[in-house]
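Below is one structure; the comments refer to it alone.
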Amino acid sequence: MSLTRLLAIARKEMIQLRRDTRSMILAFLLPVLLLVLFGYAISWDVRNIRTAVLDGDRSARSRELIDAFRASGYFTMVEDLERSAEIGPRLDRGAIQIALVIPAGFASDLDAGRTAAVQAIVDGSDANTATIALGYAEAVARTWSARVVLQGAPLSSVHLPVEADSRVWFNEELLSRNMIVPGLVAIIMAIIAAMLTSLTIAREWERGTMEQLAATPVSRLEVVLGKLLPYVAIGLVDIVATSVLGVVLFDVPFRGGPALLMILSFFFLIGALGLGMFISAAAKSQVLATQAAMVATFLPAMLLSGFMFSIEVMPPVLRAITYLIPARYFLVVTRGIFLKGVGIEILYIQGLLMIAFALAGLSLAVLKFRKELG
């Protein structure tokens, strides 16, 4: 393999890339745009749950409980209801997400030492929000109940057998953006990298320059590596840009080593770019290659990498398929470096798997390109 010929191919690809406005936008503008769009649009934090209250007791005790829900910061009281028949229509229209029903006799039951029932009616059409809203409601009710039990009791007589002391590591405020943004860096680069190189060989066929390239003394490996080099550089620039943007714009912590992130990103990019070049060699059409690259990267990366859905709850067949999704391993790398600050002693397995992915991507690209030349 000649370094001179390899660099000549890389220079030729860079010149073509500069002349292609669509590819330049795809290379530099789209990753930033996707990070900003998805970073603001995707959130698993549930706040301002629209709540209606049906207070059948109208006592000081019931108002205390309602104030506890309001003070929690999770519930927004939007309406006071008079009858239980009003709950259904409001849930149907989506005007409220949860209805808090306090029955008559609530305060008298508490004063008599009896258990007082409170009902929470939740819109279950959005199962995720409903589950979280019920969890918040139960937590508020338990906390308020404990306060009621302790009211009026001498401090010396209060003895709790178990005292819970909770502490959250790595994402202390449990903000979803701290988990989403590092994951987005992995998902976006998986998509962009394959889409970028999916145009390379197909562009040669459409412009009629493939025959000229095949007639030169360059080897198939030199062509593949030469075409990959500019996109590897672009991919690394995109990694830096999206990482910095995530820290500055979304205030996501970055606790790990930038050098380790760049090294592991390099191996991931080689594999993703090789996959895109393989698709480009197989399709021979830029439109078809772009569509195939989107299907081959976007859906698996979003659905099967662990970004949107937990891998542990997937059926066994899908869990097995996830081992073939490189974004799964890069996702662990970005979240580990951003949030946990872990080093290669923790991420070496993901690093080895991404090296294997890089070798597989290059091999597929070289083999398919050879077939087309033959």
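The model shown is predicted, which means the values in this text are computed figures rather than measured ones. Numbering starts at 1 and runs along the sequence shown.
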Checking side chain to side chain contact (heavy atoms under 4.5 Å, CB included) for the pair Phe106/Leu65: CA distance, chi angles, key distance, verdict? CA-CA 11 Å; Phe106 174 77; Leu65 178 59; 3.9 Å; yes

Under a single-linkage definition using a 4.5 Å side-chain heavy-atom cutoff for Ile, Leu, Val, Met, Phe, Trp and Tyr, are [X] and [Y] assigned to the same hydrophobic cluster?
X      : Y      : value
Ile15  : Leu26  : no
Met308 : Val317 : yes
Phe278 : Leu367 : no

How long is the span from the [atom1] atom in [X] to the [atom2] atom in [Y], to the nearest 0.5 Å?
X      : Y      : atom1 : atom2 : answer
Thr197 : Ile279 : OG1   : CD1   : 8.0 Å
Leu288 : Ser198 : CG    : OG    : 10.0 Å
Ile87  : Asp92  : CD1   : CG    : 11.5 Å
Ile121 : Thr51  : CD1   : OG1   : 12.5 Å

Using 4.0 Å as the upper bound for N to carboxylate O, is an ion pair formed by Arg58 and Glu82?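 Looking at Glu82 and Arg58, the cut-off is met.
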
Applying salt bridge (Lys or Arg N to Asp or Glu O under 4.0 Å), run through Arg255 and Glu172 and close with a yes or a no. CA-CA 13 Å; Arg255 301 187 173 106; Glu172 294 79 0; 3.5 Å; yes

Without swapping roles, check the side chain of [X] against the backbone of [Y] for a donor-acceptor pair under 3.5 Å.
X      : Y      : answer
Asn128 : Ile132 : no
Arg50  : Gly94  : yes
Tyr329 : Ser305 : no
Asp57  : Gly105 : yes
Asn171 : Asn178 : no

Going by side chain to side chain contact (heavy atoms under 4.5 Å, CB included), Phe266 matches just one of Ile263, Leu264, Ile270. Which one?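 Result for side chain to side chain contact (heavy atoms under 4.5 Å, CB included) with Phe266: Ile270.
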
Distance alone, cut at 3.5 Å: any donor-acceptor contact between the side chains of Thr322 and Arg328? yes

Could you give the side-chain donor-acceptor pairs of residues 240-252 under 3.5 Å, partners two or more places apart or in another chain?
from: Thr242; atom 1: OG1; to: Asp238; atom 2: O; distance (Å): 2.7
from: Thr242; atom 1: OG1; to: Ile239; atom 2: O; distance (Å): 3.2
from: Ser243; atom 1: OG; to: Ile239; atom 2: O; distance (Å): 2.7

Test salt bridge (charged side-chain N to carboxylate O under 4.0 Å, His left out), reference Glu222, set Lys227, Arg5, Lys12, output is Arg5

Is there a side chain to side chain contact (heavy atoms under 4.5 Å, CB included) between Val232 and Leu273 once you walk through the steps? CA-CA 8 Å; Val232 171; Leu273 293 169; 3.5 Å; yes

Aromatic ring pairing Tyr74/Tyr136, orientation class (parallel under 30°, perpendicular over 60°, tilted between): parallel

Stepwise, does the side chain to side chain contact (heavy atoms under 4.5 Å, CB included) test hold for Leu261 with Phe254? CA-CA 11 Å; Leu261 177 61; Phe254 189 94; 3.8 Å; yes

